[in-house]
Trainee: 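First the structure, then my questions, so here it is.
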Amino acid sequence: MKITFDCPDKINGLLTLTVEPADYQEKVEKTLKDYRKKAQVPGFRPGQVPMGMIKRQYGMAAKLDEINRLLNDELMKYIRDNKIQMLGDPLPNDAKSDTQGLSKDGQEATFAFDIAVAPEFKAELTDNDTVDYYTITVDDKLVDEQVKMYQSQAGEFVKADTFSGNDTITGDLRQLDAEGNTLEGGITTDSGMVMPSYFGNEEQKKLFEGCKAGDIITFNPKKAYPNNDAEVAALLKVKKEEVESVDSDFSFQVTEVRHYQPAEVDQKLFDRVFGEGNVKDEKDFREKIAEGLKVQFAGSSDYKFLQDVRAYLEQKVGKLEFPDALLKRIMLQNNKDKGEDFVEKNYEGSIRELTWHLIKEQLVVANGIKVEDADVKAVAKEVMRAQFAQYGMSNVPEDVLDNYAEEQLKKGENVNNMVDRAVDIKLTETLKNVVKLNQKSVPLDEFNKMMQEK
């Protein structure tokens with residue numbers, strides 16, 4: 001097989017492969033012999049079908065299959081051996097291919113492929129480069145907010161005399177007619193529960209202000225939950241279809257008001273958050289919370305640092321030249337159902353991400369970054385730890401986290417994301433020791449504002 005590669009502008013490549021019968025004939029003959037052994041043709045015993053008949057029936061298909069396999073293998077081998085940094089997949093170039101010889105024995109055929117080649121550039125960082133590193137200040141206000149969150153998560157509903165704020169109200173509902181009387185045959189519900197603070201109508205909320213057990217309130221569920229028949233159906237304990245045309249008022253006789261009471265800041269809360277006996281008093285509790293916030297915010301600081309490294313290097317590298325027309329063809333090929341408008345709308349964004357991907361690849365290689373299975377597992381565990389922490393569970397046993405992490409990694413769509421995060425974590429830690437850090441301490445609000453601006 002003859003292979004040539006032309007790339008005069010260093011980004012638009014043309015790879016040409018000329019296939020000769022000697023490249024595939026032996027394997028095609030073997031394939032046809034195998035067909036002959038298995039072929040069942042009336043009038044012939046198994047394995048005795050004339051080879052001429054086998055060739056007429058299967059010869060062209062066997063030849064094309066072998067050529068396609070050969071092309072794919074040799075094309076990718078050439079790209080790999082010659083270290084061509086290909087972007088996307090090769091695209092057939094019909095205009096520069098000559099496949100007429102396929103229909104004739106003993107003739108060669110030429111196949112041409114357009115190859116998008118990554119632009120040549122150098123991305124490197126040294127201790128002469130300075131990048132900002134923002135540390136989020138953990139103050140009493142943040143600790144107070146975290147304490148309140150833990151109190152709320154560990155709280156419970158207790159019986160109250162009158163309704164206020166975010167209380168829940170339980171009562172019996174009766175559908176009313178136009179005159180305000182109970183509608184005969186209408187919808188009735190015992191022990192329905194509402195939280196007026198979640199109503200989408202302020203007037204309906206006010207009807208429940210200061211109510212207590214025994215009070216009868218007339219309100220309209222449809223107005224209380226505008227455009228939300230599912231919520232109305234749940235309140236009235238009927239099917240959604242049954243309330244689509246119901247717009248009448250209901251009487252609501254209050255049977256109980258329950259107030260949500262946050263947990264006390266005591267040993268019970270300490271044990272719930274950090275495990276039994278790990279925290280002895282409120283001072284230790286707040287210090288433990290502060291330590292946890294610093295760890296949590298360190299991840300945010302690292303994330304911003306890598307984003308700032310990206311911006312710094314994109315500016316340092318400058319605008320790269322890409323084979324735009326070819327990349328748009330590849331993008332269209334990968335999004336056939338979305339069309340050319342999708343490609344035009346999203347192309348610039350794709351190029352920005354591709355530029356960073358190429359820069360990051362160079363950084364990873366230059367700094368010897370390697371990700372092992374243990375690194376990916378560690379990322380999965382931290383993801384699960386963060387999810388548990390959102391529900392106030394800060395003391396989840398390691399074996400439980402291990403099990404959840406393993407389950408996450410069984411899902412193929414999660415693995416690539418975990419690998420990417422593991423690469424980013426290792427790269428961030430390495431680069432923090434390569435560049436000069438311009439350390440800055442900022443309040444959380446200011447940090448969040450910077451992230452929103454980006």
Side-chain angles (χ1 to χ4, degrees), residues 134-139 141-157 166 195 198 260-279 284-307 371-429 432 443-445 447-452 454:
Y134 293 90
T135 300
I136 300 171
T137 305
V138 176
D139 53 22
K141 179 184 175 183
L142 287 177
V143 175
D144 288 341
E145 291 174 354
Q146 195 73 7
V147 170
K148 288 179 181 178
M149 185 198 74
Y150 286 137
Q151 286 182 274
S152 178
Q153 291 174 341
E156 59 183 357
F157 281 98
N166 293 324
M195 289 187 72
Y198 286 94
Y260 191 74
Q261 180 68 49
E264 295 292 331
V265 181
D266 55 18
Q267 191 63 48
K268 184 178 179 181
L269 181 62
F270 304 157
D271 291 344
R272 183 183 190 276
V273 176
F274 291 112
E276 188 172 351
N278 290 322
V279 173
D284 287 345
F285 185 56
R286 294 177 64 84
E287 289 177 353
K288 198 87 169 175
I289 288 173
E291 290 172 8
L293 288 173
K294 288 177 182 177
V295 172
Q296 176 185 330
F297 292 154
S300 299
S301 296
D302 284 351
Y303 176 80
K304 177 161 177 40
F305 168 73
L306 192 59
Q307 294 302 304
V371 171
E372 310 292 343
D373 289 344
D375 300 316
V376 180
K377 176 74 175 291
V379 168
K381 282 182 67 174
E382 289 308 309
V383 169
M384 299 313 305
R385 197 189 307 277
Q387 290 184 10
F388 280 116
Q390 289 177 356
Y391 297 97
M393 302 171 66
S394 304
N395 58 329
V396 181
E398 290 298 312
D399 60 330
V400 173
L401 291 173
D402 283 332
N403 290 335
Y404 274 97
E406 288 173 3
E407 287 301 316
Q408 287 296 309
L409 292 175
K410 288 179 182 178
K411 301 174 183 176
E413 66 273 16
N414 292 334
V415 176
N416 288 339
N417 289 333
M418 300 294 182
V419 170
D420 287 342
R421 290 181 68 168
V423 170
D424 285 350
I425 289 171
K426 281 200 162 186
L427 181 60
T428 299
E429 284 303 310
K432 282 160 63 177
L444 179 60
D445 291 344
F447 183 87
N448 288 338
K449 184 179 179 181
M450 287 190 295
M451 294 303 294
Q452 289 171 358
K454 290 184 75 66

Trainee: Could you walk me through whether K377 and E372 pass the salt bridge (Lys or Arg N to Asp or Glu O under 4.0 Å) check?
Mentor: CA-CA 9 Å; K377 176 74 175 291; E372 310 292 343; over 6 Å; no
Trainee: Where is the tightest heavy-atom contact between S301 and I136, given as atom of each residue plus distance?
Mentor: OG-N, 4.0 Å
Trainee: Under 30°, 30 to 60°, or over 60°: which ring-plane class applies to F388 and Y404, parallel, tilted or perpendicular?
Mentor: perpendicular
Trainee: Can any side-chain N or O of Y150 pair as donor or acceptor with the backbone N or O of V265 at less than 3.5 Å?
Mentor: no
Trainee: I need the minimum non-hydrogen distance between P262 and S152, along with the two atoms involved.
Mentor: CB-N, 4.4 Å
Trainee: Could you check whether any side-chain heavy atom of D144 comes within less than 4.5 Å of a side-chain heavy atom of R286, counting everything from C-beta outward?
Mentor: yes
Trainee: For E407, what residues pass the salt bridge (Lys or Arg N to Asp or Glu O under 4.0 Å) criterion, not counting sequence neighbours?
Mentor: K410
Trainee: Using distance only, find each side-chain donor-acceptor pair of residues 422-429 under 3.5 Å and give its atom names and separation, not counting sequence neighbours.
Mentor:
residue, atom, partner, partner atom, Å
D424, OD1, K360, NZ, 2.8
K426, NZ, K370, O, 2.7
K426, NZ, D375, OD2, 3.0
T428, OG1, D424, O, 2.7
E429, OE2, K432, NZ, 3.1

Trainee: With a 4.5 Å heavy-atom cut-off, do L269 and E264 have their side chains touching?
Mentor: no
Trainee: Please report the shortest heavy-atom distance between L142 and T137, naming the atom on each side.
Mentor: CD1-O, 3.3 Å
Trainee: Are the side chains of Y134 and S300 in contact, using a 4.5 Å heavy-atom criterion?
Mentor: no
Trainee: Name every donor-acceptor pair, under 3.5 Å, that has one atom in a side chain of residues 414-421 and the other anywhere in the protein, sequence neighbours excluded.
Mentor:
residue, atom, partner, partner atom, Å
N414, ND2, Q408, O, 3.1
N414, ND2, Q408, OE1, 3.1

Trainee: I'd like to know whether CG of D399 has more than 12 heavy-atom contacts from other residues, nucleotides or ligands below 6.0 angstrom.
Mentor: yes
Trainee: Hey, mind stepping through E398 and K381 against side chain to side chain contact (heavy atoms under 4.5 Å, CB included) and telling me if it holds?
Mentor: CA-CA 9 Å; E398 290 298 312; K381 282 182 67 174; 2.6 Å; yes
Trainee: Would you say that more than 12 heavy atoms from the other residues, nucleotides or ligands in this model lie under 6.0 Å from the CZ of F157, or not?
Mentor: yes
Trainee: At what distance, to the nearest 0.5 angstrom, does CZ of R272 lie from CG of D266?
Mentor: 12.0 Å
Trainee: Check whether any side-chain heavy atom of D445 sits under 4.5 Å from a side-chain heavy atom of K141, and report yes or no.
Mentor: yes
Trainee: Going by atom types alone, do D271 and Q267 pair a side-chain donor with an acceptor below 3.5 Å?
Mentor: yes
Trainee: Using 0.5 Å steps for rounding, measure from the CG atom of L444 to the CD atom of E145.
Mentor: 8.0 Å
Trainee: Please state whether the rings of F274 and F285 are parallel, tilted or perpendicular, taking 30° and 60° as the class boundaries.
Mentor: perpendicular
